[in-house]
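Note that these values count all heavy atoms, side chains included, but never hydrogens, waters or copies made by symmetry. Letters A, B, ... are given to chains in the order of the sequence lines, protein chains preceding strands, and every chain is numbered from 1.
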2 protein chains.
Amino acid sequence: MGRGRPRKTDPEEVLDTAMKVFWDKGFEGTSMSDLVCATGMAKPGLYACFGDKESLYKKSLTRYYENLGTPLLDDFKNSKDPLPIALRRFFEAVARSMLDTNCPSGCFVVNSLVEGTSQHPELEALGKEYDQKRRDAFVKKFEDAQKNGELPPNIDARAFGEFFSAQSLTLGVLGRTDACKNKLFSFIDVAMTVLPSRE
Amino acid sequence: MGRGRPRKTDPEEVLDTAMKVFWDKGFEGTSMSDLVCATGMAKPGLYACFGDKESLYKKSLTRYYENLGTPLLDDFKNSKDPLPIALRRFFEAVARSMLDTNCPSGCFVVNSLVEGTSQHPELEALGKEYDQKRRDAFVKKFEDAQKNGELPPNIDARAFGEFFSAQSLTLGVLGRTDACKNKLFSFIDVAMTVLPSRE
DNA sequence: ATGATAGAATACCGGTCGGTATATATGCTA
DNA sequence: TAGCATATATACCGACCGGTATTCTATCAT
């Protein structure tokens, strides 16, 4: 094991860097040369390591999702806290990641909106998959809360779940355009008022 | 007047068609050849008429905004109806335009998120300008409603205004990804519950 | 040392990009 | 009908695109 010339660049770092470039310039707006400059890995290396441009993008987005999105969502799903607590923690974590300049904030919503269109069916499918996971988690959480009496029985738990699921996208949009700590957090404050009280 | 060879294609139709192509493929993903095919106007004609690609995009987006966004926003601003009525009418009009397949729904949010990045400062500025107009209108409406006693005095009218302003972006996102009449309208129903009752 | 292995670096491919120069067609005015 | 003004159509430009073949270099096992 360990034969051959050692790598100059760690492939996982390459994926992280690539995601930032894609986030900054968009999929179509990013050239392979941009990625070569940013990552330090030469073009043939990128192709050998990750396949073509679209595969590289998919792998970047997947890694990003598994490192950031999945843990956040799992924490929310598995939380034993009352719904308002868990919900607020989820949104504040999303908001913090949006404010982290080292983090390509909002790439999910960007992917869903633009990269994943009819032109790139695989990217579209990836985006829809993530969207669906989030929405399902939210809806289930709200339905469970209703069963547990945390939410009044006369509301449409699914609609409320989907509403809040969509608010994480809104945070992504605001994070890219308006990003400012106070605004994101006061947005969350207002959103939380949607939660009906127990009775 | 009327000298020279007559136009084969109406420039305003060209702008409408161009916006649809940009909406479908994104700014970077759209080539001038795509636009030539879609609009029927030859490339030199496009350049003579609209300037370069970025100018054409700006003119398309501006026209779209003035034909759709401005009237909607003006109706909302000038409405004498109670706030919940005016708000719901605004959101339902936005939702309907999202569901209109002839209408490149959500190009504002797309522009803000992706086209208008550091790579295209002019597009970014245009997006920010529209964003600001909408936000200002919402904030003013909520502040006025508070003064008129339509909203309780103990809430942060600005934060509520910005929250609802952002919901029109969320409708844009949902319209592009989830578009389905029931979902958009039940999203609006839930969002409306944020409005605190008079007292 | 030496050969095998695997990444790095360079140069290169056909195609398409945004943008334009040139020539032709069409209608108005006089 | 002559001529001008304006749009259209074609062909073309250099640059850059995504992707690859080839060569060079560094590290391993032997």
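Look at CD on B:E54: it is 12 Å from C1' on C:dG18, rounded to the nearest Å. If you take CZ of A:F50 and C1' of D:dT20, they are 18 Å apart, rounded to a whole angstrom. Following rounding to the nearest Å, A:L56 (CG) and D:dG18 (P) show an atom-to-atom distance of 11 Å.
Taking A:F90 as the reference, A:F76, A:F138 meet the ring-ring contact (aromatic ring centres under 6.0 Å, His included) condition, with sequence neighbours excluded. With sequence neighbours left out, B:K43 forms a side-chain contact (heavy atoms from CB on, under 4.5 Å) with B:M32, B:V36, B:Y47. In this structure B:C180 satisfies the side-chain contact (heavy atoms from CB on, under 4.5 Å) test together with B:N182, B:K183, sequence neighbours excluded. With sequence neighbours left out, the side-chain contact (heavy atoms from CB on, under 4.5 Å) criterion links B:R5 to no other residue. Residues forming a side chain to side chain donor-acceptor pair (under 3.5 Å) with A:R158 (at least two apart in sequence, or on another chain): A:E162. Looking at residues two or more places apart in sequence or on another chain, you find a side-chain contact (heavy atoms from CB on, under 4.5 Å) between A:N102 and A:K20, A:D100.
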_Contact letters for nucleotides 7-13 of chain D, in which S counts primed atoms plus P, OP1 and OP2 and B counts the base, heavy atoms under 4.0 Å_ = BSBB---

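Listed pair A:Y47 / D:dG19 meets the phosphate criterion, a side-chain N or O lying under 4.0 Å from OP1 or OP2.
Residue pairs satisfying the salt bridge (Lys or Arg N to Asp or Glu O under 4.0 Å) criterion with at least one member in residues 67-90 of chain B, sequence neighbours excluded, are listed as follows: B:D75-B:R89, B:D81-B:R89, B:R88-B:E92, B:R88-B:D189.
Across residues 16-37 of chain A, A:T30, A:S31, A:M32, A:S33 each have a non-hydrogen atom less than 4.0 Å from an atom of DNA chain D (numbered order).
By the 30° and 60° cut-offs, the orientation of the rings of B:F164 relative to B:F142 is parallel.
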